[in-house]
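The block underneath contains the structure these notes are about, expressed in structure tokens.
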Amino acid sequence: MKAPSTFMDRLQQAIATREGELGVRILKKDLARAANVSSSAVTLWYKGSTEQLKAESLFGLARYLRVRPEWLRDNVGPMRDSKSQESVEPAFAALSPAAEAAIAAIRSGDQAGMPAEVFTAIETLLRSVHRRPEGTDDGDLPHLQA
């Protein structure tokens, strides 16, 4: 199979892969919702009229299609991380009451129409805060506590 050379080639490959996993067809309106753009903007992508997507749109598409954003935009690295290939749907372990409360607050904000940038910031924050091994002294750096 020929390596996808354009953004549209990669987008179509990612769509085909994800459709196979989901067992349903992904429509332009689904892509628009994931990228937080209009359906007409997606049509422009298909016509090749858009040179670059905004970061928010790129990350939304990548998250929806479960591909790496740098692969989707620039064909850098593999299409997916190895962990995303292991399982199409994530398996959720039991969550702590604090995690459940955070998820409920996020759902409430989403239903109230909170801007996508807020959710991107929350995701970025959570991904940037790593749990340190027990006994590791990190001074006063903030991090998640077990």
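Being a predicted model, the structure only gives us computed values, none of them experimental. All values below come from the heavy atoms of this structure, side chains included, with hydrogens, waters and symmetry mates left out.
- Between W71 and Q13, the closest side-chain pair of non-hydrogen atoms falls below 4.5 Å.
- Residues L61 and M8 are members of one and the same hydrophobic cluster, defined by side-chain heavy-atom contacts under 4.5 angstrom among Ile, Leu, Val, Met, Phe, Trp and Tyr.
- One finds the OG1 atom of T17 at 11.5 Å from the CD atom of Q12 (value rounded to the nearest 0.5 Å).
- Atoms OG and CZ, from S38 and R33 in turn, are 13.5 Å apart once rounded to the nearest 0.5 Å.
- Checked by atom type and distance alone, the side chain of E19 pairs as donor or acceptor with a backbone atom of I26 at under 3.5 Å.
- The side-chain heavy atoms of M114 and D110, taken from C-beta on, include no pair separated by under 4.5 Å.
- Of the possible donor and acceptor atoms, none in the side chain of S57 sits under 3.5 Å from a partner among the backbone N and O of L53.
- Classification of R80 and E21 as a salt-bridged pair holds, one side-chain N sitting under 4.0 Å from a carboxylate O.
- Placement of Y64 and W45 within a single hydrophobic cluster is found when ILVMFWY residues are connected by side-chain heavy-atom separations under 4.5 Å, directly or transitively.
- Proximity of a side-chain donor or acceptor of R68 to a complementary backbone N or O of V76 within less than 3.5 Å is detected.
- When each of L72, V67, T6 is paired with L11, the side-chain contact (heavy atoms from CB on, under 4.5 Å) condition holds for L72 and for no other.
- With R10 contributing its side chain and R73 its backbone, the two residues share a donor-acceptor pair below 3.5 Å.
- Linking Ile, Leu, Val, Met, Phe, Trp and Tyr whenever their side-chain heavy atoms come within less than 4.5 Å puts L31 and V37 in one cluster.
- In the hydrophobic clustering of ILVMFWY residues, with side-chain heavy atoms under 4.5 Å counting as a link, L58 and Y46 come out together.
- D30 contributes a side-chain N or O that, together with a main-chain N or O of L27, makes up a donor-acceptor pair within less than 3.5 Å.
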